[in-house]
Participant: 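Handing you a structure now.
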Amino acid sequence: MKITEAFERGEFVVTAEVGPPKGIHIEHVVEEAKTYLSGITAVNVTDNQSSVMRLGSLATCKVLKDEGLTPIFQLTCRDRNRIALQSDLLSAAMLGIENLLLLTGDHTRMGDHPQAKPVFDLDSVSLIHTVKQLESGVDLGGNELVGEPPKFAKGAVVSPCSDSVDAQLAKMERKVAAGCDYFQTQAVFEPEKFIKFMEKAKQFGKPVQVGVIIPKSVGMARFMNNNVAGVHVPDDMLEELKKDKEKTKAGITGVEIAARIIKECRPYCQGVHIMALGWEAKVPELLKQAGI
Amino acid sequence: MLITQLKPKETIASLVEGKVFVINCHGCKEVSFPEKEAVELQKELEAQGKLTGVITTDYICNPENMKLRLESHKQEIDAADMILVLSCGVGVQTVAEYFEDKKVCAACDTYPLPGFQGVTPLEYDCDQCGECYLNITGGICPITACSKSLVNGQCGGAKNGKCEVDSNMECGWERIYRRLAQLGRLDVLKCPTQIRNYATEEKTEA
Ligand code: SF4
Ligand code: SF4
């Protein structure tokens, strides 16, 4: 199923992401996804996230699909040139994977192979353009595809709490112009900023899912504040996480915070994207508390 | 060694808005300059009554030298709506930085040729990408100022204005965005999707 169909039906679309393991044993990931994420619309599979080498996104998508879940194939421009990207897109279509999230990708310097060559032959915008072109039956080199062309729901990301939010909006506009169908956002901890962002973003007429992370500890929140672009956990939330260490450790505080963020943002957007970062088991409780 | 080649006529025509002041840089001895085409272009602009003046010089990438020359042509420059620079990417960036509120356009693409590079000041860099983007980036080179050489806008990686790769380096695309905002030219960000062409050697032979 294409995620765009759910948006068209007017559903509040819920997605969550899973990361493939660094190795070939995927049973655990599949088990968790089946147990905790089978009720939601679709599951993102990250592509060597943070430039850390892992099992492939495409192969993992196929396994999840065979288990009855709807995968979203995340594809970055860091590791493949335009030939490899297009080839993987055709492979995805052949395997029946219909949802994409198209990203530029972190620099190789950020991950566990800093010596690797960063590719960036294309970027998020030109990759969306490329998918659109494939959908018209022609590849980026101008050559015709044989047979029926692929069709995808094309997603991209945007960072609503970034300190350069106007530049982010300009980039969002370019993604829309290139053919993007829907957006998932970077994690939001400041609903006011998100709401302000949506006031401007709604002119593009594309569905937006607010990104949510369940904060696990004060340390994690501080780490994000210092290191993760476009993410800022405000002081009162830090205090809240500090107050009752046991409750925070058990994930109760984090789920409360995340549920509150979803509730506040819900009237302004078309869905939520949950980055559970290993806390997939808490997703059902989070959705319950958020009233979804 | 590098080579500057005039952009296609239609491209230059689309850049020209109102009256034009032209700067030609014959460059350091490492640059091969399209002299015949440049003269032709200036004649055409003059015939259309669009030319306010011309400087032909070398080393416009030397800001001190360039400032002196520009000052002596102040009237002609003030009378122009924009400045068209025929030089390598470094030259255009030097001029663009000098004119904070005037449109500065690159009329050339810069390609590498085997051999030595020209003399370039440290602040500006040109990778001779063969498809100069300075006209859609406010005169800041996205190839060298962005760690990923992105040509369609910033990635989501900048934190506090710094690049995700190097916290000592300003995000090139935030600089571009600010410059375009200052010039009142944010509309150029609505340009078509840019896709890089790595087959530039082929183009140089043609
Ligand atoms: S975009 Fe940058 S690298 Fe390319 S020609 Fe212009 S200044 Fe040089
Ligand atoms: S943070 Fe800025 S300079 Fe660094 S790679 Fe991203 S867009 Fe380029």
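Please read all numbers here as calculations on a predicted model, not as lab measurements. Chain identifiers are assigned alphabetically (A, B, ...) following the order of the sequence lines, protein sequences preceding nucleic acid strands; residue numbering begins at 1 within each chain.
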Participant: So, for A:Gly19 and A:Thr46, which heavy atoms are closest and what is the spacing to 0.1 Å?
Facilitator: CA-OG1, 3.3 Å
Participant: Tell me, with the steps shown, if B:Asn24 and B:Glu35 meet side-chain hydrogen bond (donor to acceptor under 3.5 Å, both in side chains).
Facilitator: CA-CA 9 Å; B:Asn24 296 304; B:Glu35 198 151 358; over 6 Å; no
Participant: Start with the C-alpha distance between B:Lys103 and B:Asp81, add both sets of side-chain angles, then the distance that settles salt bridge (charged side-chain N to carboxylate O under 4.0 Å, His left out), and finish with yes or no.
Facilitator: CA-CA 7 Å; B:Lys103 179 171 160 185; B:Asp81 300 298; over 6 Å; no
Participant: Run the salt bridge (charged side-chain N to carboxylate O under 4.0 Å, His left out) test on B:Lys9 and B:Glu37 for me, step by step, so that the C-alpha distance in whole Å, both residues' side-chain angles and the decisive distance to 0.1 Å come before the verdict.
Facilitator: CA-CA 10 Å; B:Lys9 267 209 168 115; B:Glu37 294 88 344; over 6 Å; no
Participant: Tell me the closest heavy-atom pair linking B:Gln128 and B:Tyr111, and the distance in Å.
Facilitator: CB-C, 3.7 Å
Participant: Is there a donor-acceptor pair under 3.5 Å between the side chain of B:Asp127 and the backbone N or O of B:Cys129?
Facilitator: no
Participant: Can you say whether A:Asn225 sits under 4.5 Å from chain B via the side chain, the backbone, both, or neither, judging by heavy atoms?
Facilitator: backbone
Participant: For chain B, which residues from residues 151-167 of chain A lie under 4.5 Å away (heavy-atom distances)?
Facilitator: A:Asp163, A:Ser164, A:Asp166, A:Ala167
Participant: Answer with yes or no whether the side chains of A:His107 and B:Ser147 bring together a donor and an acceptor at under 3.5 Å.
Facilitator: no
Participant: Give me the contact list for residues 192-213 of chain A versus chain B, heavy atoms only, anything under 4.5 Å, ordered by residue number.
Facilitator: none
Participant: Test your reading of the model: is there a side-chain donor-acceptor pair from B:Glu17 to the backbone of B:Met82, 3.5 Å cut-off?
Facilitator: no
Participant: List the steps and the verdict of side-chain contact (heavy atoms from CB on, under 4.5 Å) for A:Val138 and A:Asn143.
Facilitator: CA-CA 5 Å; A:Val138 181; A:Asn143 313 293; 5.9 Å; no
Participant: Side chain from CB out, backbone as N, CA, C, O: work out which of these in A:Gln168 comes under 4.5 Å of a heavy atom of chain B, or both, or neither.
Facilitator: both
Participant: Which residues in residues 151-161 of chain B have any heavy atom closer than 4.5 Å to a heavy atom of chain A?
Facilitator: B:Val151, B:Asn152, B:Gly153, B:Gln154, B:Cys155, B:Gly156, B:Gly157, B:Ala158, B:Lys159, B:Asn160, B:Gly161
Participant: Of all the heavy-atom pairs spanning B:Gln42 and B:Val54, show the shortest one and how long it is.
Facilitator: OE1-CG1, 3.8 Å
Participant: Check each atom of B:Lys148 against the heavy atoms of chain A and say whether the ones under 4.5 Å are side chain, backbone, both or neither.
Facilitator: both
Participant: What residue in B:Arg178, B:Lys190, B:Lys162 has the most heavy-atom pairs under 4.5 Å with chain A?
Facilitator: B:Lys190
Participant: Given a strict heavy-atom distance threshold of 4.5 Å, which part of A:Asn227 is in contact with chain B: side chain, backbone, both, or neither?
Facilitator: backbone
Participant: Can you pull out the residues in residues 122-132 of chain A with any heavy atom less than 4.5 Å from chain B?
Facilitator: A:Leu122, A:Asp123, A:Val125, A:Ser126, A:His129
Participant: Could you pull out the closest heavy-atom pair between A:Leu85 and A:Cys77, with the gap in Å?
Facilitator: CD1-SG, 4.3 Å
Participant: Taking salt bridge (Lys or Arg N to Asp or Glu O under 4.0 Å) as the criterion, tell me which of B:Glu100, B:Glu97, B:Glu170 meets it with B:Arg179.
Facilitator: B:Glu97
Participant: A:Lys175 vs A:Asp181, test: salt bridge (charged side-chain N to carboxylate O under 4.0 Å, His left out). Steps then yes/no.
Facilitator: CA-CA 9 Å; A:Lys175 290 179 179 178; A:Asp181 299 313; over 6 Å; no
Participant: Does A:Ser87 use its side chain to pair, donor to acceptor, with the backbone of A:Ile83 at less than 3.5 Å?
Facilitator: no
Participant: Nearest heavy-atom pair of A:Pro150 and A:Leu145: which atoms, and what distance?
Facilitator: CD-CD1, 3.9 Å
Participant: Looking at B:Ile195, B:Leu150, B:Leu186, which has the largest count of heavy-atom pairs under 4.5 Å with chain A?
Facilitator: B:Ile195
Participant: Can you list the steps and then say if B:Glu44 with B:Lys50 is a salt bridge (charged side-chain N to carboxylate O under 4.0 Å, His left out)?
Facilitator: CA-CA 9 Å; B:Glu44 241 167 71; B:Lys50 288 184 179 161; over 6 Å; no
Participant: Between A:Arg82, A:Gln186, A:Arg109, which has the largest tally of heavy atom pairs under 4.5 Å with chain B?
Facilitator: A:Arg82
Participant: Between A:Asn81 and A:Ala84 (side chain of the first, backbone of the second, donor and acceptor by atom type, cut-off under 3.5 Å), is there such a pair?
Facilitator: yes
Participant: Do side-chain atoms of A:Ser217 reach the backbone of A:Met220 as a donor and acceptor pair under 3.5 angstrom?
Facilitator: yes
Participant: Contact part of A:Arg78 toward chain B, heavy-atom cut-off under 4.5 Å: side chain, backbone, both or neither?
Facilitator: neither
Participant: Quick one: which of B:Cys191, B:Ser167, B:Pro192 has the most heavy-atom pairs under 4.5 Å with chain A, could you say?
Facilitator: B:Cys191
Participant: Could you verify whether a donor N or O on one side chain and an acceptor N or O on the other, from A:Gln74 and A:Asn44, lie under 3.5 Å apart?
Facilitator: yes
Participant: Which heavy atom of A:Thr104 sits nearest a heavy atom of A:Lys171, and at what distance?
Facilitator: OG1-NZ, 4.3 Å
Participant: Given heavy-atom pairs under 4.5 angstrom as the criterion, report whether the side chain, backbone, both or neither of A:Leu103 touches chain B.
Facilitator: neither
Participant: Walk me through whether A:Asn48 and A:Thr76 qualify under side-chain contact (heavy atoms from CB on, under 4.5 Å).
Facilitator: CA-CA 9 Å; A:Asn48 297 305; A:Thr76 72; over 6 Å; no
